[in-house]
Amino acid sequence: MKTVKILFFVFLISGTAAKAQINLIGASGNANGTIEIMKWQALDSASLTTYPSSIQGYYMASSAFDAFNSNYYLGGVASDLNVLLTFNSIFNTQNLRSYNDNFNILEIDMSTGKIYILDSDSLGSFKVNEYDILTGTNSILGIVSDPDIYGLVTDAIGFDSNNGIIYYIGTDFSSGSFLISIPVRNPVFSWSKTVLGTSNPNNYFSSVNYDNVNNILFALYAEFDTSGNFTGSKVVEIDKITGEIIERGLIEGFLAYVSGSSSFDQNTGSFLLVGIDSANNQKMIIFNTSDNTFTTGYVPLTVSEIVCDNYSFAKNAYTTTSIREQDKSDFTIFPNPTTDKFVLKKSTFTDNSVLRICDINGIECLARQIQHPETEISTKSLAKGVYVVTIQNQKSTQTKKLIIQ
């Protein structure tokens with residue numbers, strides 16, 4: 001069953017953690033017939049800023065936030081072409097590139113920046129792809145095959161960036177709801193399936209998110225009575241080993257939820273999604289997973305494809321741990337961030353080493369041969385933004401991130 005993309009086009013529009021900042025990004029249409037990128041804080045309606053883009057429509061569930069380099073990705077259409085919009089939340093810059101593959105059931109490893117996409121084109125199986133944003137290429141890691149799997153569900157995937165594990169919740173006709181775990185960093189592809197302990201086969205899960213501070217998998221759990229009538233939704237914790245469903249709190253006062261609006265703020269431990277109350281008003285629901293209570297915040301009227309900007313968390317959590325340093329790079333760049341130059345220093349110098357600086361789209365901006373253990377590199381010709389510095393010789397290729405302010 002091929003995953004169906006739903007495209008939203010623009011029409012003319014007439015009309016928690018107590019006090020901690022929760023930074024959000026989303027997309028919305030405007031009266032000019034194009035899409036705007038929006039940034040705001042969940043508890044501050046005055047914080048809204050908008051940035052026009054050149055796309056005319058976007059696909060449902062095609063957004064993602066790469067906390068590794070602060071990029072918001074959105075799949076859409078510009079001049080009748082499929083494109084991928086990249087918006088950098090540090091510098092508020094953006095660009096477009098052509099894109100024709102599925103980009104709507106995915107997660108990003110915030111410790112490495114790698115993108116993982118689930119893609120189904122037949123009954124009983126789906127592919128797990130690793131997408132290289134720099135080159136725009138997909139590589140298949142493996143195939144999950146089970147006769148009870150019928151298609152894929154959007155907004156039902158979370159990623160453990162500490163251990164490199166995809167968690168996907170689906171539904172089949174024999175066991176009801178199930179959890180599939182896929183460790184993507186292992187040299188040999190594998191996966192496991194755990195039946196979830198649901199009390200009613202009509203109940204279902206959505207808005208799956210992973211808390212990388214406490215290593216907990218969360219989801220929204222919609223419940224129905226024996227007649228199929230909706231009775232309410234709860235935020236639940238899912239035991240990744242046993243499949244036990246642990247109730248955290250009931251979300252009262254909301255009749256429906258906006259698809260694709262859920263996210264998780266790693267800094268505050270807040271589970272977020274947009275709810276629609278009995279008066280048909282949209283509100284940002286901020287569920288505090290520390291005390292299992294919720295409050296409501298601000299969401300712009302027409303915004304969707306909402307993500308949490310977790311860049312500051314990823315920067316603090318992973319740049320100082322072994323996850324990003326597994327490449328054992330023997331070079332440093334300082335200062336970083338920089339303005340017009342930096343110094344590259346290699347602890348073990350090798351002749352014929354080549355330095356390359358590429359932007360976030362993989363376009364080479366600067367290249368030169370390195371002839372000394374310590375070299376000053378001018379960045380005056382480069383615009384503000386996030387770059388990848390690569391040092392390559394016959395024996396190794398090493399990379400680091402560079403920010404130019």
Side-chain angles (χ1 to χ4, degrees), residues 16-28 37-50 61 63-65 67 72 89 110 155-156 158 203-223 230-238 245-314 316-317:
T16 195
K19 297 181 181 180
Q21 290 185 356
I22 300 176
N23 298 315
L24 299 171
I25 305 175
S28 177
I37 304 302
M38 295 185 169
K39 291 171 56 177
W40 76 99
Q41 294 169 5
L43 296 171
D44 182 8
S45 60
S47 64
L48 178 66
T49 54
T50 61
S63 62
F65 186 78
Y72 174 73
S89 66
M110 67 174 66
D155 203 22
N203 299 343
Y204 68 89
F205 298 88
S206 64
S207 305
V208 178
N209 288 277
Y210 196 84
D211 178 351
N212 281 284
V213 175
N214 299 294
N215 283 303
I216 297 175
L217 185 66
F218 289 102
L220 187 69
Y221 186 49
E223 295 184 310
F230 174 70
T231 59
S233 291
K234 301 173 180 176
V235 174
V236 297
E237 172 186 341
I238 300 170
I245 307 304
I246 305 163
E247 181 179 335
R248 284 301 197 95
L250 179 66
I251 305 295
E252 297 180 288
F254 293 90
L255 304 179
Y257 303 92
V258 177
S259 177
S261 69
S262 74
S263 56
F264 195 90
D265 185 59
Q266 303 291 338
N267 288 305
T268 63
S270 299
F271 180 98
L272 299 103
L273 73 160
V274 177
I276 302 175
D277 64 17
S278 57
N280 205 34
N281 296 317
Q282 290 190 13
K283 295 181 180 179
M284 177 62 68
I285 300 169
I286 306 165
F287 185 93
N288 188 329
T289 60
S290 297
D291 60 15
N292 298 320
T293 62
F294 79 92
T295 186
T296 57
Y298 169 69
V299 58
L301 181 61
T302 60
V303 73
S304 62
E305 298 302 318
I306 300 170
V307 300
C308 269
D309 185 338
N310 282 306
Y311 173 73
S312 62
F313 167 80
N316 294 326

Given N212 and F264, is the side chain to side chain contact (heavy atoms under 4.5 Å, CB included) satisfied, shown in steps?
-> CA-CA 10 Å; N212 281 284; F264 195 90; over 6 Å; no
Given Y72 and K39, is the side chain to side chain contact (heavy atoms under 4.5 Å, CB included) satisfied, shown in steps?
-> CA-CA 11 Å; Y72 174 73; K39 291 171 56 177; over 6 Å; no
Should I238 and I245 be marked as a side chain to side chain contact (heavy atoms under 4.5 Å, CB included) after you check the CA-CA gap, both sets of side-chain angles, and the distance that decides it?
-> CA-CA 5 Å; I238 300 170; I245 307 304; 4.1 Å; yes
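Side-chain contact between F254 and T296: present, with at least one pair of heavy atoms (C-beta onward) separated by less than 4.5 Å. For the pair Q266 and D211, the minimum side-chain heavy-atom distance is below 4.5 Å. Using a 4.5 Å heavy-atom cutoff, the side chains of M38 and L48 are in contact. Counting heavy atoms from C-beta on, the side chains of V236 and F205 come closer than 4.5 Å. At a threshold of 4.5 Å between non-hydrogen side-chain atoms, the residues F65 and Y311 count as touching. For the pair F287/N292, a side-chain contact is recorded, criterion being any heavy-atom separation below 4.5 Å from C-beta on. I306 is listed as a side-chain neighbour of W40, based on a closest heavy-atom distance under 4.5 Å.
For the side-chain contact (heavy atoms from CB on, under 4.5 Å) test, residues two or more places apart in sequence or in another chain that qualify with S290 are N288. Partners of I246 by side-chain contact (heavy atoms from CB on, under 4.5 Å), not counting sequence neighbours, listed by chain and number: E237, E244. Partners of S206 according to the side chain to side chain donor-acceptor pair (under 3.5 Å) rule, which considers only residues two or more places apart in sequence or in another chain, do not exist here. Applying the side-chain contact (heavy atoms from CB on, under 4.5 Å) rule to N215 yields the partners D160, N162, N163, Y210; only residues at least two apart in sequence or on another chain are considered. Residues meeting the side-chain contact (heavy atoms from CB on, under 4.5 Å) test with S263, sequence neighbours left out: L24, L272, C308.
Around OH of Y204, the count of heavy atoms belonging to other residues, nucleotides or ligands within 6.0 Å does not exceed 12. Few gaps surround CG on D291; more than 12 heavy atoms of other groups in view lie less than 6.0 Å from it.
What you find for L220 and S233 is that their closest heavy atoms are CD1-CB, 3.9 Å. Residue Y257 comes nearest to G275 through the heavy atom pair CD2-CA, 3.8 Å, listed as atom of the first residue, atom of the second, then distance. The two residues F294 and I285 make their nearest non-hydrogen contact at CD1-CG2, 3.9 Å. Nearest heavy-atom pair, T289 versus R248, reported as atom, atom and distance to 0.1 Å: O-NH1, 2.7 Å. Closest non-hydrogen pair, S207 versus L273, comes out as OG-CD1, 4.3 Å. Taking each heavy atom of P300 and Q282 in turn, the nearest pair found is O-OE1, 4.5 Å.
Considering CZ of F218 and CG of N209, their distance stands at 9.5 Å, rounded to 0.5 Å. The line from OG1 of T268 to CD1 of I286 is 8.5 Å long, rounded to the nearest 0.5 Å. Interatomic distance, N23 CG to S312 OG, rounded to the nearest 0.5 Å: 7.0 Å. To the nearest 0.5 Å, atom CD1 of residue I22 and atom OH of residue Y298 are 15.5 Å apart. Here the CG atom belonging to N310 is positioned 6.5 Å from the CG atom belonging to N267, to the nearest 0.5 angstrom.
Between the side chains of S259 and D155, no donor-acceptor pair is found at a separation under 3.5 Å. For S47 and Q41, the side-chain atoms include no donor-acceptor pair closer than 3.5 Å.
The salt bridge (charged side-chain N to carboxylate O under 4.0 Å, His left out) pairs that include a residue from residues 268-285 are D277-K283, where partners are two or more places apart or lie in different chains.
Judged by distance alone, the side chain of E305 and the main-chain N or O of S63 form a donor-acceptor pair under 3.5 Å.
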